[in-house]
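Letters A, B, ... are given to chains in the order of the sequence lines, protein chains preceding strands, and every chain is numbered from 1. Predicted model only: the values in this text are computed from it and were never measured.
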Number of protein chains: 2
Amino acid sequence: MGEILSAGSIEGVVRKDVPERVISRLPIYLQTVETIAATGQTTVSSEALASRSGVSPSILRKDLSQLGRPGRRGVGYACAELAATLRSFLGLDRAQSVAIIGAGRLGSALADYAGFRGRGLRLTAIFDVDEAKIGTTIGALTVSDLSELATWPDDIDLVVMAVPASAAPAAARIAADAGVRGILNFAPTVLETPDSVRVRQVDLASELQVLAYYSALDDNAGTPVEEHSN
Amino acid sequence: MGEILSAGSIEGVVRKDVPERVISRLPIYLQTVETIAATGQTTVSSEALASRSGVSPSILRKDLSQLGRPGRRGVGYACAELAATLRSFLGLDRAQSVAIIGAGRLGSALADYAGFRGRGLRLTAIFDVDEAKIGTTIGALTVSDLSELATWPDDIDLVVMAVPASAAPAAARIAADAGVRGILNFAPTVLETPDSVRVRQVDLASELQVLAYYSALDDNAGTPVEEHSN
DNA sequence: TAGTGTGAACTAGTTCACAGCA
DNA sequence: TGCTGTGAACTAGTTCACACTA
């Protein structure tokens, strides 16, 4: 993907096109700087912020310099201001509305998983197709029929897909038709969506299999494996 | 690229130095090729496999060529053979043993989330520190006290961390001390671990915030976004 | 003086295009 | 002939090093 040259260009809006790689690090910085601010610290250096975010200081400075509101040379970044800039840049000023599709165990767990409130996200609805689940309550929300998504009164910006792989493509189509802007997909399937819908994939088994690779690598470490020191 | 002397090929499996970027795509290929094989198809071209995996054909060919067991020119890849090679390469021949730390809603949901069995992973134990949860049953497993992890009879290769952010660092240390090889961390904290423990981060809020960025971008398409002149 | 902002150098990753083999 | 395997060209991402400024 990538290839953004269409939207907005008519107006002559020169959008600095920030790579997704960078965008995906910003939430971590936000999280970190909020944690630091909560301790009462008012400024933070790139070095401290970077190490607590798990990145290098230079990459952190490059990333933050891209969002226009700079730090102060010789001082560092003002925590509160930086957090506000990050929130605004990520589009979290108005809380994005999130719906969960799939009211099974995973969907229910995600529904009250910490981190919607206070992270610029507002959980708006939970959908399912299972008659037995529709009408039941999860946290403060009642499970609705997925067919209601299309005409849902509150605009839904983002969807968390927590359904089996077999049901995911159909549900994704419904979400896309309803004008949803992004899907966070927990089902182990590659979703095909129109360009207007961004998909991010989270696959438990894939992640574990990546870890399995390195685990197995170490198993064989008795025999001379690559691993060279420097 | 530092030339690596992977001469130690005493055990048949010689693993070159494959970038993590590549490793993290292999589970997707495995998933895809298994799906294709299940339809009865015996061979598959790089183009078909790539498009169903959401990558370009050239990158797929480069990736697969790195694992030594090639496809057949003019034909494609033999599904069954490719799947076996991928499984073996990822270290899934002997099912890796996985433990979940945290028997809350997320932990319980992940415990019976499809994809352990038949994906080369074996869920071995669930731990918690909460007296009220220890001894209760989740699926086929009984929740054990986290302190038992260190002396757990069955070796634990990988851990899924499903605890609050505040509890994660301590739990990670316990896991690292117990010789765990990898941690899949759902808590929104950067974990510091010794080099022997690989961490992969999955943060619901971060992922949604990335999607929020693109969602907000579209909202502002046409009106000047916060932008500074160069 | 301390610590950011940033061009330049470097490194990693992807795509291209075609040689080579079933 | 068809499709993989792969070097070469290209592109993206990271690190370095230091000018610059509060």
By the definition side chain to side chain contact (heavy atoms under 4.5 Å, CB included), identify the one residue from A:L26, A:L64, A:L67 that meets it with A:T85.
A:L67
Using only heavy-atom distances, determine whether the side chains of A:S215 and B:Q96 contain a donor-acceptor pair under 3.5 Å.
yes
Would you mind classifying the nucleic acid contact of B:R61 as base, sugar-phosphate or nothing, using non-hydrogen atoms under 4.0 angstrom?
base
Using modelled atom types and a 3.5 Å cut-off, is there a donor and acceptor pairing between side-chain atoms of B:D157 and backbone atoms of B:S97?
yes
Spacing of CG belonging to A:L217 relative to CZ belonging to B:R181, to within rounding of 0.5 Å:
10.0 Å
Closest to the 5' end of DNA chain D, once B:Y77 and A:P19 are matched to their nearest nucleotides, is B:Y77
Span of DNA chain D, from the first to the last nucleotide whose atoms fall under 4.0 Å of chain B heavy atoms
D:dG2 to D:dA8
Would you mind telling me which of A:I28, A:V55, A:L82 makes a side chain to side chain contact (heavy atoms under 4.5 Å, CB included) with A:L49?
A:L82
How do B:K62 and B:E47 order along DNA chain D: which one's closest nucleotide is nearer the 5' end?
B:E47
Between A:R21 and A:G74, who's closer to the 5' end of DNA chain C by nearest nucleotide?
A:G74
Under 4.0 angstrom, heavy atoms only, what part of the nucleic acid is A:P57 near: base, sugar-phosphate, or nothing?
nothing
One pair to check against salt bridge (Lys or Arg N to Asp or Glu O under 4.0 Å): B:R87 and B:E34. What are the steps and the verdict?
CA-CA 11 Å; B:R87 268 191 294 268; B:E34 280 176 339; 2.4 Å; yes
Categorize B:R72 for me: base, sugar-phosphate, or nothing, with a 4.0 angstrom heavy-atom threshold over every strand shown.
sugar-phosphate
Taking atom P of C:dT4 as reference, at what distance in whole Å does atom CZ of A:R73 sit?
10 Å
